[in-house]
2 protein chains.
Amino acid sequence: MTKKPITKNIDHFFRGAFSVDIVLITFHNQSLKLLLQKKKDLPIKEEWGLPGNLIDPNEDTNSAIDNLLLSLIGRNDIYKKQLRTFSELNRHPLGRIITFAYYGLIAFEEVKHINSPDLKWIPIKNPPSLSLDHNHILKEVFKRFQKGLLRHPNVFHLLPQKFILSDIISIYEQSFNQKMDLPNFRKLILKSGLVEPLGENNKGDKSFGRPAELFRYVKSEDKRKLKDKINFRFYA
Amino acid sequence: MTKKPITKNIDHFFRGAFSVDIVLITFHNQSLKLLLQKKKDLPIKEEWGLPGNLIDPNEDTNSAIDNLLLSLIGRNDIYKKQLRTFSELNRHPLGRIITFAYYGLIAFEEVKHINSPDLKWIPIKNPPSLSLDHNHILKEVFKRFQKGLLRHPNVFHLLPQKFILSDIISIYEQSFNQKMDLPNFRKLILKSGLVEPLGENNKGDKSFGRPAELFRYVKSEDKRKLKDKINFRFYA
DNA sequence: TTAACTTAGTGTACAAGTTACACTTAATTT
DNA sequence: AAATTAAGTGTAACTTGTACACTAAGTTAA
């Protein structure tokens, strides 16, 4: 059998570049926050955008995102997930640049020092208009963030080691812009076996109202997904 | 303000190519089937693989998948969805080729004529070993197919206009490799309002047992997702 | 110092959904 | 005509979800 020439396919190769962009989310002061970077070294007007970086031709996306995180927040051992690719032909003025969008979650404690003129935590509600197609990317990624909250115990990545139950509720209420019934929510969370009371309370930390018990997250032996343990009735 | 040179970024541009690959699924004879193509014009040994095509540099993925479907089954107006991108550095012997994986669903009626030495419907259980990383792609895409079945009324894309309820059950049982309780399943489906009895039965079509009622799919005015109407208790 | 307020946490009764399985019906096969 | 097969109905026991009233423990303000 004679091998066919493969030059037919070669026509389809062309010059392109890849980047990783991250939607990094944290929770502070009853409010979800997003890390934004001021973009100025691109041939576009100075604007805020999602932190990102171009990928080296022989680098894979995982090491690219690790390097990006290291340069942004000084660590890369946080919860992160690759979502979809944005590949529209004219999304970038420099040429065909395909971006891999990630999202990451981190407790505010770990990143509260980050606050410079070019890198800021911005409330995720009503973010400023972003550069390129980053508004679009943010919107899509936020939807995936929501889904993640419903299916996996991702809230805990946004909380400190010791947390109170109403912070969990607050994150869900904010993420879905919907009020929840606190008594019933407590029962669900407690029954799920995902949290364990520590026998301490947060008396010192707050101004009024009854002090709240502190809890910690327990990784469950139980392999069912969050949605099978806790039935959130406000699927987005 | 002086504009910075942008040459710094140009280093990251390199030669690459894109392709679309499709996992096309149908249902026939109580069995889920997958469309596979014999690969021979690649510098790899003759093997079965997912149907796919390289993308023209100025073509977007949607038109690429439409053209692919047209050449495979003669039409492109079927249910299809873009899933993730496979971009590992050495996934293809011809160079850095990034593939956009799609899946599509179609009723067997529409594609029963397809059967040539190079293009066949193969039972999705125990498929042959596929070329390149197509085993991996298939596995990932199949998971998404499963999720789609739980969240959206996708079964109906696999069924003819007139169908019987036990075909729906059969597709779910096969997809999740799990036996379901027929009486309870009927109640769920009927209550969902997704199907409507036609007042006909399938007496002619079968060998024994009581003839089954024929139903048709009714697009629901109700915007809730399938999972909120029907709670499948075998989440994968 | 005490009444009002604020947030945390418990209890409960009712409604709704899930599950298991017995039973009936309508056909074919032997 | 009895056995077999598959479709379809009914229901009782159980599990979950929902809506709130109520109790508890602190702070604020008169």
Side-chain angles (χ1 to χ4, degrees), chain A residues 29-30 150 159 162-174 176 178-216 222 224-235, chain B residues 29-30 150 159 162-174 176 178-216 222 224-235:
Chain A
N29 260 340
Q30 310 291 76
L150 297 175
L159 294 170
K162 300 178 178 191
F163 52 82
I164 62 174
L165 294 190
S166 55
D167 276 344
I168 302 185
I169 299 178
S170 176
I171 290 175
Y172 278 88
E173 289 187 336
Q174 278 221 20
F176 297 98
Q178 190 150 341
K179 196 79 187 144
M180 296 186 68
D181 182 89
L182 201 134
N184 292 330
F185 187 92
R186 283 184 67 86
K187 277 174 273 178
L188 287 176
I189 294 285
L190 291 172
K191 197 181 54 163
S192 75
L194 291 167
V195 300
E196 191 178 73
L198 291 167
E200 310 169 41
N201 68 33
N202 69 345
K203 184 146 58 169
D205 309 355
K206 56 200 305 283
S207 45
F208 26 76
R210 174 177 174 171
E213 284 180 274
L214 291 169
F215 287 80
R216 73 178 190 92
D222 180 342
R224 283 173 307 147
K225 296 241 174 86
L226 186 64
K227 65 174 182 300
D228 293 321
K229 302 185 185 177
I230 302 177
N231 197 353
F232 298 107
R233 285 284 154 173
F234 48 76
Y235 296 103
Chain B
N29 259 339
Q30 310 289 77
L150 297 175
L159 294 170
K162 299 178 178 189
F163 53 81
I164 63 176
L165 294 189
S166 55
D167 276 343
I168 302 185
I169 299 178
S170 176
I171 290 175
Y172 278 88
E173 288 187 337
Q174 279 222 18
F176 296 98
Q178 190 149 341
K179 195 78 187 144
M180 296 186 70
D181 183 88
L182 202 133
N184 291 330
F185 187 91
R186 284 183 67 86
K187 276 173 275 178
L188 287 177
I189 293 285
L190 291 173
K191 198 181 53 161
S192 76
L194 292 167
V195 300
E196 189 178 73
L198 292 167
E200 308 168 42
N201 67 34
N202 68 346
K203 183 144 63 170
D205 309 355
K206 58 198 305 280
S207 45
F208 28 75
R210 173 176 176 173
E213 285 181 273
L214 290 168
F215 287 80
R216 74 180 191 89
D222 180 342
R224 283 173 306 148
K225 297 241 174 86
L226 186 65
K227 64 174 183 298
D228 292 321
K229 301 185 185 178
I230 301 177
N231 196 353
F232 297 106
R233 282 286 154 168
F234 48 76
Y235 295 104

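Here is the naming used below: chain letters follow the sequence lines, and residue numbers restart at 1 for every chain.
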In whole angstrom, give the distance that lies between atom [atom1] of [X] and atom [atom2] of [N].
X      : N      : atom1 : atom2 : answer
A/E213 : D/dA25 : CD    : P     : 11 Å
B/L182 : D/dA7  : CG    : P     : 7 Å
A/N202 : D/dG26 : CG    : C1'   : 11 Å
A/N201 : D/dA25 : CG    : C1'   : 10 Å
B/F185 : D/dT9  : CZ    : C1'   : 17 Å
A/D167 : C/dT7  : CG    : P     : 13 Å
A/K203 : C/dT6  : NZ    : C1'   : 16 Å
B/R186 : D/dA6  : CZ    : P     : 16 Å

How about B/L214 and B/I164: do any of their side-chain heavy atoms sit closer than 4.5 Å?
->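 Yes, their side chains come closer than 4.5 Å.
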Set of residues satisfying side-chain contact (heavy atoms from CB on, under 4.5 Å) with respect to [X], sequence neighbours excluded:
X      : answer
A/S170 : A/F27, A/Q30
A/K187 : A/N184
B/L190 : B/L165, B/R186, B/V195, B/F215

Selected nucleotide, minimal atom distance to B/K191 side chain, candidates C/dA27, D/dT28, C/dG17 | C/dG17
Would you indicate which nucleotide in D/dG17, C/dA27, D/dT5 comes nearest to any side-chain atom of B/P211?
->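 Minimum distance to the B/P211 side chain belongs to C/dA27.
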Of all the heavy-atom pairs spanning B/Y172 and B/M180, show the shortest one and how long it is.
-> CB-SD, 3.9 Å
For the student: nearest non-hydrogen atoms of A/I189 and A/S192, plus distance |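 Distance-wise, the nearest heavy atoms are O-OG, 2.6 Å.
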Under-3.5 Å N/O pairs linking protein and nucleotides 19-23 of chain D:
unit_1, atom_1, unit_2, atom_2, d
D/dA19, N7, A/N184, ND2, 2.8
D/dA19, N6, A/N184, OD1, 3.0
D/dA19, N6, A/K187, NZ, 3.3

